[in-house]
Amino acid sequence: PGIKSAAPGDHAKRCGISSPDHDCRLNWDKSSKAMEPDIAVEVVTGIKDHSITLGALIADDDASTIKCIREEVDATVDKWADLSHTKKNFLGRLDEAKSKHKELKSMKTS
């Protein structure tokens, strides 16, 4: 079967250009959890195919993505947490601590 219509395909059609084959949510046959690691591996492979050295990947705390990149593309890539997820996780843990320690209850965390 051909590629189903998706945002990149629709955009290409409107612009009169061809759309490369791509995986999207409309034709993805694996679990949604598998999509991010698969796309990350594809992107990092493409970067390396252009002789670009990737030293670090900045992403959320999904361990499956960096695991797949290290297993399938480059075992030396570092993984850094993005600021948004780091802040969210830190504030969540701080709120947990506030609920357990009364001296922290008056502390503003947002």
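Fair warning: this is a prediction, and the values are worked out from it, not measured in the lab.
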Chemist: Give the intermediate values and the outcome of side chain to side chain contact (heavy atoms under 4.5 Å, CB included) for residues Leu57 and Thr65.
Modeler: CA-CA 10 Å; Leu57 176 71; Thr65 298; 4.3 Å; yes
Chemist: Measuring from atom CZ of Arg93 to atom NZ of Lys88, what distance do you get when rounded to the nearest 0.5 angstrom?
Modeler: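 Answer for the CZ-NZ pair, Arg93 versus Lys88, is 12.5 Å.
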Chemist: If I compare all heavy atoms of Lys98 with all of Leu104, which pair ends up nearest, and what's the gap?
Modeler: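 The answer is CG-O, 3.4 Å.
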Chemist: Atom OG1 of Thr86 and atom CH2 of Trp80: how far apart are they, to the nearest 0.5 Å?
Modeler: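 One gets 12.0 Å once the value is rounded to the nearest 0.5 Å.
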Chemist: Could you measure the distance from the CG atom of Asp78 to the CD1 atom of Ile69? Nearest 0.5 Å is fine.
Modeler: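 If we round to the nearest 0.5 Å, Asp78:CG and Ile69:CD1 are 12.0 Å apart.
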Chemist: Distance check, rounded to the nearest 0.5 Å: His101 atom NE2 versus Leu94 atom CG?
Modeler: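 So the gap between those two atoms works out to 10.5 Å.
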Chemist: A side-chain contact here means heavy atoms from C-beta on lying under 4.5 Å apart; do Lys33 and Ser64 qualify?
Modeler: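 Yes - at least one pair of side-chain heavy atoms lies under 4.5 Å apart.
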Chemist: Keeping Lys79 on the side-chain end and Asp62 on the backbone end, is there a donor-acceptor pair under 3.5 Å?
Modeler: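 Such a contact is absent between Lys79 side chain and Asp62 backbone.
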Chemist: Quick one: does Ile58's side chain get under 4.5 Å of Leu83's, heavy atoms only?
Modeler: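 Counting from C-beta outward, Ile58 and Leu83 never come under 4.5 Å.
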Chemist: Indicate yes or no: at least one non-hydrogen side-chain atom of Val77 is less than 4.5 angstrom from one of Ile66.
Modeler: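 Of all side-chain heavy-atom pairs linking Ile66 with Val77, at least one is under 4.5 Å.
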Chemist: Drop me the distance from Cys68's SG to Glu36's CD, to the nearest 0.5 angstrom.
Modeler: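 These two atoms lie 10.0 Å from each other.
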Chemist: Same cluster for Ile47 and Ile39 if Ile/Leu/Val/Met/Phe/Trp/Tyr side chains link at under 4.5 Å?
Modeler: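 They do share one cluster, since a chain of ILVMFWY contacts under 4.5 Å joins Ile47 to Ile39.
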Chemist: Is Asp60 close to Asp82 at the side-chain level, that is, under 4.5 Å between some pair of heavy atoms?
Modeler: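 Of all side-chain heavy-atom pairs linking Asp60 with Asp82, at least one is under 4.5 Å.
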Chemist: Measure from the side-chain N and O atoms of Arg70 to the backbone N and O of Thr76, and report whether any donor-acceptor pair falls under 3.5 Å.
Modeler: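 No, because the side chain of Arg70 does not come within donor-acceptor range (under 3.5 Å) of the backbone of Thr76.
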Chemist: Return the minimal non-hydrogen interatomic distance between Asp38 and Lys30, and the atom names on each side.
Modeler: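 Nearest heavy atoms, Asp38 then Lys30: OD1-NZ, 4.2 Å.
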Chemist: Check for a donor-acceptor pair, side chain of Asn89 on one end and backbone N or O of His85 on the other, with a separation under 3.5 Å.
Modeler: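 The answer is yes, because a donor-acceptor pair under 3.5 Å joins these two groups.
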